[in-house]
Amino acid sequence: MNVIQQLKLGFRSLMLHKLRSALAVLGILIGVTAVIWLVAMGEGVSYQAQQQIKDLGATSIIIRTIKPSEEANSDSGSRSGIAYGLLRSDYDRIITNIPTISAAVPMREISRDVRRDEYVVPAQVIGCTPKYFSINRLPIARGRPLAASDLQGLENVTVLAHDVAERLFPIQDPLGRAIQIGTEFYVVVGVAQDRTAAAAIGGSFSARQYNRDVYIPLNTFQKRIGDRVITVRGGTFQNETIELNQITAVVDDVAAVDASADIIRALLERYHKTVDYAVVVPKELLEQAETMRMMFNVLLLLIAGISLVVGGIGIMNIMLATVTERTREIGVRRALGATKGEIVQQFLWETVVLSGTGGLLGVAVGFLCGPTVQGVRFAIKSFMPDVWLTLPPTIHQLEPRLAPWSIIAAFGISVGVGIVFGIYPARRAANMDPIEALRHE
Amino acid sequence: MSKTKEEVSEPVRVAMVRDVTKVYRLGGQDVKALAGVSFEFKQGDFVAIMGTSGSGKSTLLNLLGCLDRPTSGQYLLGGHDVATLTDEEVSRVRGRYLGFVFQSYNLIQQLSVVENIMVPLSYQVPVRPDGRELSTKLATLVGLAGRLDHRPSQLSGGQQQRVAIARALVNNPHVILADEPTGNLDTATSNEIMDLLDVLNKTGRTIVMVTHEPDIAERAKTVITLRDGLIQSVEQNRS
Ligand SMILES: Nc1ncnc2c1ncn2[C@@H]1O[C@H](COP(=O)(O)OP(=O)(O)OP(=O)(O)O)[C@@H](O)[C@H]1O
Ligand SMILES: [Mg+2]
């Protein structure tokens, strides 16, 4: 008999017990779908992470201010306030002392409400230099970016991020109009393009939401807002002095990134008593993310493998029942000339039909991963908006990515599982004594 | 088997048992199902095996059908000494030289009439390309032309046995072995089945049939009577 005849015969035999066979198929289907969906979700998340890290730039080194731990700054006293973080002098030292660094951008940021007439938008006010836009790949949609002359002249000008502009100026063109930060007014000279969040860098920083930024010249920031931040927390004034929140340095050559980062670390170490900064290398993050992705995939395959083994046990169970029920048929076939090998083959083909059908259906359902995620997301968004807001941006933006290897692996494993778990029942069928089998009721 | 000049005049010997015994060990006791049986089956024979219950009829037929091996003695089938063959070879011998008809028909439920008839062909190497036409022809021969695509459960007992006979013919066997082929059928249907076997025998096929009904045995050419695992008598019927 050829393969098609074998498959046909297997199918017909399985149709003797439709529900039972369908349940066995379902077991495999779920296993295969689980593999494909889990891997697709995992790939989607890690792709997102990688894109975000890539946005930071493979040749950049990001130096962030971090608040030192409490005991480290207890000597400075909480009343007079604490000063920590990157200094303007750090920036000067970095650009003058490290030849491999081709460009660097100092940055200061603070959360402030931004107003225009009756519109109030909570925003992140960023004091930066013109290069900030090119280094962070922030294209300007309209108007112009900040200019060197803005810094020199301590101009009250601003570039708005996409969302901020939209919310402050729902109708009008923001260019040339004024917005208010604190008591100061700033003229809008540009609007940045829509931009999704970048990767969270370092454990404590959340993902960078570019769309909520308001950019002003760094010098203007220093003059109008200042280094000192006073916050009221639990009835006491907290008084912090920070010169710079971040320095982004760009290296010419990817190969020089690690060495340059080491030099920066050494340099900062010399001038900072406490570790109030973190040096983040996106390239390393990318490598870490890649390792994470692989570990994640192995883990998912393991889980999925277990579910497929469970499906396989289901198949074995059903094939054992089938073999017992069809003892007579086995005896007849042996009498009519079937060898043991041919009986084994017949029952193995049956399990292949079972697991193969489960596998194919599982792959089909696997392809529904994207639409399903979209449907669920839409449902949550429409019917439970509160829940939606509490979900992290990763989930808001998650796009499952079907991995071709996972489809092939899932299908292959399912058929393999079918064969492995089918061998025992098939051999049991083949090793029956024909006379006993023929006498079986 | 090829025919030599000598064998044309004399009927060809298709199977022969010599001094075969079959001993079952039950607990500590030996049960002698066959105690030494010798017989020659020639081409065109129509042999009925009779005897009381437990006399060893089925045991002998199973040995002839290569479903079982004798405890001692020799069995030659189609020139092969069955004792020397491996399990796979014995399976092939069954498929090539033998056709089986069982008391309870033993058709495969999920297959249609034609497909049931074709089953032995699926174990033939090389595969016959005209299996379906041959099976259809045989179904017509046994009078089931209108029921080619029926399932066994849709047929009467007599019709099922006809399918079984067609199935036993499809591989053009040297010997057809039937264990109580009319055991589950009423007298009229039994006679129809026997008519069919008669026709087959007239066209030169060797038939060995177990029965305990004397009027069925009467329709065979030779009647062997077993008793306690031994041949008690061999009678030739006048036709
Ligand atoms: N598998 C077996 N194990 C043990 N003893 C067996 C086995 N098969 C047959 N026998 C014994 O061998 C003897 C012959 O059995 P057999 O089936 O050949 O009888 P039979 O002539 O076909 O009887 P019946 O007319 O009832 O079918 C019996 O005593 C039986 O108990
Ligand atoms: Mg019997």
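Chain naming here is simple, since letters A, B, ... match the order of the sequence lines and numbering starts at 1 in each. Bear in mind that the values here come from a model prediction, so they are computed numbers and not experimental data.
- Heavy-atom pairs under 4.5 Å with chain A peak, among B:Pro173, B:Pro120, B:Gly131, at B:Pro120.
- Proximity of A:Val332 to B:Arg167: side-chain heavy atoms (C-beta onward) are separated by under 4.5 Å at one or more points.
- Residue B:Ser91 comes nearest to A:Arg334 through the heavy atom pair OG-NH1, 3.0 Å, listed as atom of the first residue, atom of the second, then distance.
- For A:Arg293, the CZ atom counts as densely surrounded, since its 6.0 Å shell holds more than 12 non-hydrogen atoms of other residues, nucleotides or ligands.
- In this structure, no portion of B:Arg128 lies under 4.5 Å from any heavy atom of chain A.
- Contact of the B:Ile108 side chain with the A:Arg333 side chain is registered, since non-hydrogen atoms from C-beta on lie closer than 4.5 Å.
- Contact of B:Asn62 with chain A is made through the side chain alone, with heavy-atom distances under 4.5 Å.
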Under the salt bridge (Lys or Arg N to Asp or Glu O under 4.0 Å) rule, what do A:Glu342 and B:Arg92 come out as? Steps first, then yes or no, please. CA-CA 11 Å; A:Glu342 282 161 339; B:Arg92 294 275 172 248; 3.0 Å; yes
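- Considering only heavy atoms from C-beta on, B:Asp87 comes within 4.5 Å of A:Lys340 through its side chain.
- Heavy atoms of other residues, nucleotides or ligands lying less than 6.0 angstrom from CZ of A:Arg377 number more than 12.
- Heavy-atom contacts from other residues, nucleotides or ligands closer than 6.0 Å to CE of A:Met292 number 12 or fewer.
- Other residues, nucleotides and ligands contribute at most 12 non-hydrogen atoms within 6.0 Å of the CE atom of A:Met294.
- One side chain, A:Glu329 or B:Gln110, offers a donor N or O that lies under 3.5 Å from an acceptor on the other.
- At a cut-off of 3.5 Å, with distance as the only test, a side-chain donor of A:Arg328 or B:Ser104 sits close to an acceptor on the other residue.
- Here CG of B:Leu121 is found 10.0 Å from CG of A:Leu336. Values are rounded to the nearest 0.5 Å.
- Between A:Thr339 and B:Glu88, the closest heavy-atom pair is CG2-CG, 3.5 Å.
- In A:Phe296, the CZ atom is not crowded: 12 or fewer heavy atoms of neighbouring residues, nucleotides or ligands sit closer than 6.0 Å.
- Atom CZ of B:Arg227 sits in a sparse spot, with 12 or fewer heavy atoms from other residues, nucleotides or ligands closer than 6.0 Å.
- Annotation: side chain of B:Leu67 is not in contact with side chain of A:Asp433 (no heavy-atom distance under 4.5 Å).
- Other residues, nucleotides and ligands contribute at most 12 non-hydrogen atoms within 6.0 Å of the OH atom of A:Tyr424.
- Closest of all the heavy-atom pairs between A:Leu438 and B:Phe102 is CD1-CE2, 3.6 Å.
- Contacts between B:Leu98 and chain A at a heavy-atom distance below 4.5 Å are absent for every atom of the residue.
- For B:Gln124, no part lies near chain A; criterion is any non-hydrogen pair under 4.5 Å.
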